[in-house]
There are 2 protein chains.
Amino acid sequence: MSKCQHCIVRRFNSFNSLTKEELIRISSCKTTRKIKKGETLFEEGERINGIYCIKEGVCKISKMSENGRNQILNLLKHGDLLGQRSLVSDEVSNLKAVALNDMKVCFIPKEEILSDLEKNPDFTLSILKDMATSLKIADNVIVDMAQKTVKQRLAEVLLKLNTIFHNKNEDVINLKLSREEIANLIGTATESAIRLLSEFKKKNIIEFKGKNIAILNKVELEKIVQGF
Amino acid sequence: MSKCQHCIVRRFNSFNSLTKEELIRISSCKTTRKIKKGETLFEEGERINGIYCIKEGVCKISKMSENGRNQILNLLKHGDLLGQRSLVSDEVSNLKAVALNDMKVCFIPKEEILSDLEKNPDFTLSILKDMATSLKIADNVIVDMAQKTVKQRLAEVLLKLNTIFHNKNEDVINLKLSREEIANLIGTATESAIRLLSEFKKKNIIEFKGKNIAILNKVELEKIVQGF
DNA sequence: CGGTATCTTGATTGGTATCAACTTAAGTGG
DNA sequence: CCACTTAAGTTGATACCAATCAAGATACCG
């Protein structure tokens, strides 16, 4: 089994604030899971009792709205942590996590991390910084959802996806999302998302390469985000 | 000048995790400000460099959207802390804070708190819990903004305001908000909010008592939130 | 008391959801 | 490997919701 102290993924998250000794201890009690595309890491209402560290793959974090629609709140990839809230709260999860492609994740039980949270202020501060950043991003999303049109939100999401899941070789968003998932990401009906995508395609702003989307005109997308 | 170690406000926030000694030190370097209704505590883009503790009054936390509309993200009252993000981030504020009525706030410079963050894990954990809760609430707001109609959101906000700013004597929301502010809270145009308020009034769900709003039929509001 | 901000209502337009029909792609089992 | 079944994607028509523009009413303030 691979060891946390040698894991490159750690470079991208709060675990790089842990000492070598802490990493060795955590490494000895972690469990590594392989999750197939489409499988659920955890459900809304499930007790997590630990933290997930994503080694490979991408998952969507979503929440059901009262009217039965699914809202995707975040996409997490290698290096991201998942379940920080369970560390400081005894509540069940308010979110659901589903793999968008094959994943490898490490799970570290809550008890193992809690002692570090109390003894290693650097680690706690790092988690705190992460949460503060998430909070800032959430504020921006709220404003977007409340004030921007679906078209603006779609353009914004496409640009964001292009930044995060950009393929080095081709100019393509390297993540397969169904139309429904795109709609759930921007908070609209599937048909609306489809219509706008085909409008963008007609205007040569994007292109469909198999199941993937290529961004042809980033400047135009940025204009659309601004409201033109 | 009043002392932090004797301040009741502290019972409601993370400061109750500080030791008596820490409170005495913080008390000696805090500054107390009186802020008149309508005055700004800080602007978007301003550097805060400290944390505000609200002793009296209510303020709105808002953010300007790119299309020039103002979105109110939160209402803070006595006992609430403000500026936690500045503690762990060197960035300027992404939010604006304006007093909704006359306020008394204590300001504690960042440097004074930082040492406690590193030495007192209880305090850090308490801040962490606060942020985790805020994050959960923010997730809910995102889903609401993305999926619910303006009418649902208005009903929800009225119920929330009634819970938080409920007057003991009368059944009235004890907080004066302009129609524009209500609209900015639910993320809609002022006229839309007005129209829905008058619709609610016509149906005897709410009533206008001077500048305040009284909730007459809570059950009906809850139904509207659910989508009926 | 006049002037200004806030509030209110009406009319219109545009955006988005919804329903329905159809096409294309992806599995699945014989 | 093909025929069948089902899921995903697409397009059109319609209805509803909310933004915007316009005009007037009411409250507020110096």
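In what follows, chains are A, B, ... by sequence order, proteins preceding strands, each numbered from 1.
- Every salt bridge (charged side-chain N to carboxylate O under 4.0 Å, His left out) that B/E91 has, sequence neighbours left out, goes to A/K136, B/R85.
- Within a 6.0 Å sphere centred on NZ of A/K176, other residues, nucleotides and ligands contribute 12 heavy atoms or fewer.
- More than 12 heavy-atom neighbours from other residues, nucleotides or ligands sit within 6.0 angstrom of CD on B/E220.
- For B/C59 against B/L82, the heavy-atom pair with the smallest separation is SG-CD2, 4.0 Å.
- Close approach of DNA chain D to chain B, defined as any atom under 4.0 Å from a non-hydrogen atom of the protein, starts and stops at D/dA18 to D/dC21.
- A/T188 pairs by the side-chain contact (heavy atoms from CB on, under 4.5 Å) definition with A/V150, A/A183, A/I186, A/S192, A/A193, not counting sequence neighbours.
- Residues from residues 188-205 of chain B that place a heavy atom under 4.0 Å from any atom of DNA chain C, listed by number: B/E191, B/I194, B/R195, B/S198.
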Quiz item: Given B/K218 and B/E222, is the salt bridge (Lys or Arg N to Asp or Glu O under 4.0 Å) satisfied, shown in steps?
Solution: CA-CA 6 Å; B/K218 210 192 267 192; B/E222 278 155 3; 5.7 Å; no
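- A donor-acceptor contact shorter than 3.5 Å links the side chain of B/E46 to the backbone of B/E43.
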Quiz item: Could you go step by step and tell me if A/E156 and A/K148 meet the salt bridge (Lys or Arg N to Asp or Glu O under 4.0 Å) rule?
Solution: CA-CA 10 Å; A/E156 202 165 26; A/K148 287 189 179 164; 3.2 Å; yes
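- Between B/L128 and A/M131, the closest heavy-atom pair is O-SD, 4.1 Å.
- In this structure, the side-chain contact (heavy atoms from CB on, under 4.5 Å) partners of A/E56, at least two apart in sequence or on a different chain, are A/K104.
- The nearest whole Å value for the distance from the NZ atom in B/K211 to the P atom in C/dA5 is 14 Å.
- The phosphate of C/dT18 (OP1 or OP2) has a side-chain N or O of A/R69 nearer than 4.0 angstrom.
- Listed by residue number, the members of residues 143-154 of chain A with any heavy atom below 4.0 angstrom from DNA chain C are A/T149, A/V150.
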